[in-house]
Q: 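One structure coming up, written as structure tokens, with questions to follow.
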Amino acid sequence: MENQVDKADKYIKDMVQALLSVDKMKAKETLAQAREAYQPVEVVEKVIVPSLEQIGEGWRIDKVSLSQVYMSGKICNEILQDIIPRDCIIRERQLTIAIATLEDFHTLGKQIVKGFLHAAGYEIVDYGNGLSVDSLTEHIIKDKIDVLLISVLMLPSALSIKELRKRLKERQAAVTIVVGGAPFNFDDKLYKEVEADYMGKTVSDAINIIHAIETDRGV
Ligand code: B12
């Protein structure tokens with residue numbers, strides 16, 4: 001167990017170093033090594049997310065520049081394609097599921113959640129990034145979405161989910177809202193405040209929540 005922790009720490013250290021020096025090859029190598037020790041989901045949770053959290057914290061305390069944060073996100077986005085499983089068997093009966101970032105341009109969480117859900121056999125409608133409450137409401141109504149996954153990393157974006165819920169209620173949309181991202185990881189009760197139905201902290205949570213909703217709705 002201790003060994004596993006040490007190993008993860010080393011991968012995180014190497015990854016942070018590679019990202020901050022904009023060394024995509026080194027980042028790729030580190031992920032390839034981590035891939036030998038961990039499953040793809042674990043590589044995300046144990047290496048990529050903590051590395052980016054460290055970089056975000058470095059930015060907050062002025063040790064890292066915004067351009068380094070930007071390049072770190074860009075490199076991770078590219079190398080993630082190497083670890084998100086591609087093959088999948090699409091399930092026959094399934095709910096209509098969509099994903100979006102709401103008033104937020106942090107895209108990696110959405111890409112990862114979508115990628116792994118797809119690998120688990122779910123078809124996901126991707127509405128893209130930085131949507132407004134108005135446009136997301138219209139998409140959901142038009143496409144008769146059953147489950148909406150929202151990924152946000154900034155508190156104001158998280159708070160705007162309450163307005164989205166209000167609009168959807170006014171339009172009598174029976175959509176289940178599942179939220180995830182940093183503000184919800186910091187505050188376990190926030191999802192209730194914004195009137196979401198579920199909150200997940202990881203990719204595995206996303207998959208388990210979809211299973212629970214399916215059972216609930218008899219799919
Ligand atoms: C990379 C990054 C950026 C990149 C984004 C690049 C991109 N294409 O995504 C860039 C440079 C563009 C950026 C910009 C900004 N950023 Co920024 N950024 C980050 C950073 C370092 C990493 C985020 C990330 O990608 N993490 C990796 C992903 C995979 O993790 P994740 O999204 O959390 O997803 C995981 C889980 O949360 C979960 N999950 C995610 N979504 C969902 C959804 C569902 C339904 C479920 C079940 C689960 C789930 O599964 C994922 C896998 O485990 C964070 C630091 C941090 N602590 O997160 C700051 C951070 C989020 N940024 C921050 C800020 C302030 C900004 C800017 C305002 C900076 C500025 N002054 O311009 C802008 C705002 C941009 C905007 N309007 O959206 C703050 C937010 C503070 C706050 N809470 O409000 C943070 C926390 C940094 C900090 N420590 O202060 N940023």
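Numbers here are sequence positions counted from 1. Order of listing sets the numbers, starting from 1, for every ligand and every atom in it.
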Q: Counting only non-hydrogen atoms of the protein, does one fall under 4.0 Å from atom 10 (C) of ligand 1?
A: no

Q: Can you see which heavy atom on Pro50 is nearest to which on Val44, and at what distance?
A: CD-O, 4.1 Å

Q: May I ask you to identify the nearest protein heavy atom to atom 57 (N) of ligand 1, giving residue, atom name and distance to one decimal place in Å?
A: Glu53 CG, 3.6 Å

Q: Could you tell me which N, O or S atom of His106 is nearest to atom 17 (Co) of ligand 1?
A: NE2

Q: Counting only heavy atoms not in Ile61, do more than 12 sit closer than 6.0 Å to its CD1 atom?
A: yes

Q: State whether any protein heavy atom lies less than 4.0 Å from atom 13 (C) of ligand 1.
A: yes

Q: Does Asn77 come within less than 4.0 angstrom of ligand 1, counting non-hydrogen atoms of the residue?
A: no

Q: Going by heavy atoms, is Ser72 under 4.0 Å from ligand 1?
A: no

Q: Hey, looking at atom 72 (O) of ligand 1, which of Val113, Thr107, Thr101, Leu66 has the closest heavy atom?
A: Leu66

Q: Give the residue and atom name of whichever protein heavy atom lies nearest to atom 22 (C) of ligand 1, and the separation in Å to one decimal.
A: Leu52 CB, 3.8 Å

Q: Between the side chains of Glu57 and Arg60, is the shortest nitrogen-to-carboxylate-oxygen separation below 4.0 Å, so that they form an ion pair?
A: yes

Q: Any heavy atom of Lys201 closer to ligand 1 than 4.0 angstrom?
A: yes

Q: NZ of Lys28: more than 12 outside heavy atoms within 6.0 angstrom?
A: no

Q: Quick one: look up the protein heavy atom nearest atom 78 (O) of ligand 1 and list residue, atom name and how far away it is.
A: Phe105 N, 2.6 Å

Q: Provide, to 0.1 Å, the distance between atom 86 (C) of ligand 1 and the closest protein heavy atom, together with that atom's residue and name.
A: Leu153 O, 4.7 Å

Q: Nearest protein heavy atom to atom 45 (C) of ligand 1, by residue and atom, and its distance?
A: Val178 O, 3.5 Å

Q: Atom 43 (C) of ligand 1: protein heavy atom closer than 4.0 Å?
A: yes

